[in-house]
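Structure, as structure tokens:
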Amino acid sequence: MPNTFNRSDRISAELRRLVGTMVHEVVRDHALPSVSVSDVEASRELDTATVYVTALMAEQGPPAVKLLNEMAKDFRRELSRIMKIRRVPELRFKYDDSVDKGERIEQLLRADRERGPSQD
């Protein structure tokens with residue numbers, strides 16, 4: 001059976017752990033909107049890594065992502081000191097709205113249940 005957990009997967013997992021900690025520290029130290037890293041996807045060539053973040057309050061997500069993208073070079077510099085790889089991927093932060101969509105679906109389902117069975 002071929003190894004399905006390739007190098008980019010391992011680096012994505014390591015980046016998720018490290019960047020998650022770094023983002024948590026930045027949020028705490030700079031009083032930024034509360035966001036957390038939900039996933040990291042490193043490209044196969046390892047030249048870029050997309051960092052998906054979620055926010056406690058959806059309206060805070062986009063401004064937080066903008067600030068994190070401004071800090072991406074600093075994060076990358078810090079990662080280059082910590083990680084034992086030749087070249088750390090360029091970080092690109094994106095807002096992960098899947099949690100927001102899931103909550104919206106849950107609200108709709110709850111409202112539908114509260115209305116009761118339809119009278120067809």
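Here the structure is a predicted model, which means the values were calculated and not measured.
Between L79 and M22, some side-chain heavy-atom pair lies under the 4.5 Å cut-off. You'll find the side chain of V88 stays beyond 4.5 Å of the side chain of F75, heavy atoms only.
Residue V53 comes nearest to L68 through the heavy atom pair CG1-CD1, 4.1 Å, listed as atom of the first residue, atom of the second, then distance. When all heavy atoms of P89 and L15 are compared, the closest pair comes out as CG-CD1, 4.1 Å. Looking at every heavy atom in both residues, N69 comes nearest to L91 through OD1-O, 4.4 Å. The two residues S34 and Q60 come nearest to each other via the heavy atoms N-OE1, 3.8 Å. In plain terms, the two heavy atoms of S12 and V40 that are nearest each other are CB-O, 3.4 Å. Shortest non-hydrogen contact noted between S8 and S43 is CB-O, 3.8 Å.
In terms of hydrophobic clustering, with Ile, Leu, Val, Met, Phe, Trp and Tyr side chains grouped at heavy-atom distances under 4.5 Å, Y52 and V35 are assigned to different clusters. Both V26 and I82 are part of a single hydrophobic cluster, where members link through side-chain heavy atoms under 4.5 Å apart.
Between the side chain of D112 and the backbone N or O of L108 there is no donor-acceptor pair closer than 3.5 Å.
Here the OH-OG1 distance, from Y95 to T54, works out to 6.5 Å after rounding to the nearest 0.5 Å.
The salt bridge (charged side-chain N to carboxylate O under 4.0 Å, His left out) contacts involving residues 80-90 comprise E78-R81, E90-R92, where partners must be two or more places apart or lie in separate chains. Pairs of residues two or more places apart, or lying in two chains, that qualify as salt bridge (charged side-chain N to carboxylate O under 4.0 Å, His left out) and include a residue from residues 27-48 are R16-D39.
A salt bridge links K66 to E70: one of the charged nitrogens lies within less than 4.0 Å of a carboxylate oxygen.
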Is there a salt bridge (charged side-chain N to carboxylate O under 4.0 Å, His left out) between E106 and R113 once you walk through the steps? CA-CA 11 Å; E106 183 63 33; R113 281 193 299 268; 3.6 Å; yes
